[in-house]
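Each remark here refers to the structure printed beneath this line.
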Amino acid sequence: MTYLAAGPRARDVMGDLSWRTYVLAIALSFFVMFEPAPTDLVFLVSLFALLLSRPVKTRFLSGVATTGILLFLFFSTLALIHAAAEPLRAFRAVAIEYYMVAIFVTTAYFTKIRGDDAFFSILVALSIGALVASLFAVGLLLDFVPTNGYFFRDGAGVRVKATFKDPNVFGPFLVPCILFTFWITLESARMRVAAIFALIIPLGALISTYSRGAWVHAFASMLLFLFAMLTFRRTAFQVLLSIVVAIAITLSLILFF
């Protein structure tokens, strides 16, 4: 990794700036209605700061992963030879592929050098973005947000896309937040009430997308997550049972009245 001539302290500052702007870019990833999206611009700042920093010498990608990335970029670039009909669109598509690889490599680097703290920060940033988009979606459904159908797919006022271009992208984006807040609900008694509220909002937004792929994604992920929690966290069973009982009582009251 290259960087301009600068002292060690300056390069350390740039590394810290890169990490902070990277987390900010992740938190802004919910707003992608137009291009370039704010998250893309902030990530480019993070990437530039990382190139100017003093990188930590660590092995964060295996040889197989590195080979796969290089082959992917090589063949993507090679494909431009056959893009004589629409070269601008082809160059744009390949540039986006390079950009996505840069995000993947940067994420791998930060999670390697910062460990669980980086993973937790990324989940928090994703959840913040998902909650903001979910609150906006709920506001649309309750007519709290004035709209002419622009925030729905095809302007029909049925499938919510909120701050995304398509509900089939909005739906899967919510799944990590749903799993994360559900984990907090099971693990933290102090944060349980806030976590339940933060869980209900994206669940409602997920349903409003009417994205079957996102629903299956969320259902399968939740089953795997519950299996892992009940296997490795014995205390999760009592909390989960309490949540199921509370949901059953609530639904029974709704049906009764």
Side-chain angles (χ1 to χ4, degrees), residues 18-47 96-97 99-104 106-107 110-111 118-185 191 194-219 221-222 225:
S18 177
W19 164 245
R20 292 177 184 274
T21 51
Y22 166 82
V23 174
L24 177 60
I26 297 298
L28 293 174
S29 58
F30 72 97
F31 191 80
V32 290
M33 297 182 66
F34 56 82
E35 296 179 0
T39 181
D40 299 332
L41 299 176
V42 175
F43 175 72
L44 290 177
V45 174
S46 173
L47 187 61
I96 292 175
E97 291 176 356
Y99 169 78
M100 297 302 295
V101 168
I103 293 179
F104 168 73
T106 304
T107 303
F110 280 134
T111 52
F119 191 65
F120 183 81
S121 298
I122 292 170
L123 282 175
V124 170
L126 280 173
S127 298
I128 291 173
L131 284 173
V132 172
S134 298
L135 286 171
F136 186 74
V138 172
L140 290 169
L141 294 172
L142 298 178
D143 290 330
F144 290 159
V145 179
T147 176
N148 58 356
Y150 180 76
F151 301 107
F152 296 86
R153 183 171 182 175
D154 301 326
V158 178
R159 298 186 63 188
V160 177
K161 64 179 183 178
T163 55
F164 286 75
K165 293 182 179 180
D166 191 276
N168 294 319
V169 180
F170 177 40
F173 177 78
L174 300 174
V175 175
C177 174
I178 291 171
L179 294 177
F180 183 58
T181 51
F182 187 65
W183 172 69
I184 295 177
T185 301
M191 298 292 294
I196 291 175
F197 174 78
L199 174 62
I200 293 174
I201 298 299
L203 275 175
L206 176 65
I207 294 173
S208 71
T209 64
Y210 288 93
S211 173
R212 288 170 295 180
W215 292 351
V216 172
H217 179 191
F219 180 74
S221 299
M222 186 66 76
F225 178 77

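Bear in mind that the values here come from a model prediction, so they are computed numbers and not experimental data.
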Using the benzene-type ring in the case of Trp, are the ring centres of W183 and F225 under 6.0 Å apart? no
Tell me, yes or no, whether the heavy-atom count around M33 atom CE, taken from other residues, nucleotides or ligands under 6.0 Å, exceeds 12. yes
Looking at F136 versus F30, is the centre-to-centre ring distance below 6.0 Å? no
Considering only heavy atoms from C-beta outward, does the side chain of V132 approach that of F31 to under 4.5 Å? no
Between T181 and A198, what is the shortest heavy-atom contact and its length? CG2-CB, 3.8 Å
Is any side-chain heavy atom of I207 less than 4.5 Å from a side-chain heavy atom of L203? no
Measure the shortest side-chain to side-chain distance between F43 and S29 over non-hydrogen atoms and say whether it is less than 4.5 angstrom. no
Over all atoms of both residues, closest heavy-atom pair of F110 and S18: CZ-OG, 3.5 Å
Quick one: pull up OG1 in T107 and CD1 in I26 and give me the separation to the nearest 0.5 Å. 5.5 Å
What one should report as the nearest heavy-atom pair of C177 and A130 is CB-CB, 3.5 Å
Heavy-atom closest pair, residues T106 and A102: OG1-O, 2.7 Å
Show me the pairs that pass salt bridge (Lys or Arg N to Asp or Glu O under 4.0 Å) and involve residues 120-142, at least two apart or across chains. none
Side-chain donor/acceptor of T39 to backbone N/O of A25, under 3.5 Å: yes
Between CD1 of I200 and OG of S134, what distance do you get to the nearest 0.5 Å? 12.5 Å
Please report the interatomic distance OG1(T163) to CG(L28), rounded to the nearest 0.5 Å. 11.0 Å
Spacing of CG belonging to D40 relative to CD1 belonging to I103, to within rounding of 0.5 Å: 6.5 Å
Is any side-chain heavy atom of N168 closer than 4.5 Å to one of R159? yes
To the nearest 0.5 Å, how far apart are CE in M191 and CD1 in I196? 11.5 Å
With rounding to the nearest 0.5 angstrom, report the CG to OG distance, L24 to S46. 9.5 Å
Taking side chain as C-beta onward, heavy atoms only, is V158 less than 4.5 Å from R153? no
Correct closest heavy-atom pair for T209 and W215 would be OG1-NE1, 4.2 Å
On the 0 to 90° scale, with breaks at 30° and 60°, tag the F180-F120 ring pair as parallel, tilted or perpendicular. perpendicular
Contact between P202 and L131 at the side-chain level, heavy atoms closer than 4.5 Å - yes or no? yes
Should we say atom OH of Y210 is surrounded by more than 12 heavy atoms from elsewhere, each under 6.0 Å from it? no
Contact summary for L206 and I178, nearest pair of heavy atoms: CD2-CD1, 3.8 Å
Kindly determine whether F173 and L126 satisfy side chain to side chain contact (heavy atoms under 4.5 Å, CB included), including the steps that lead there. CA-CA 8 Å; F173 177 78; L126 280 173; 4.0 Å; yes
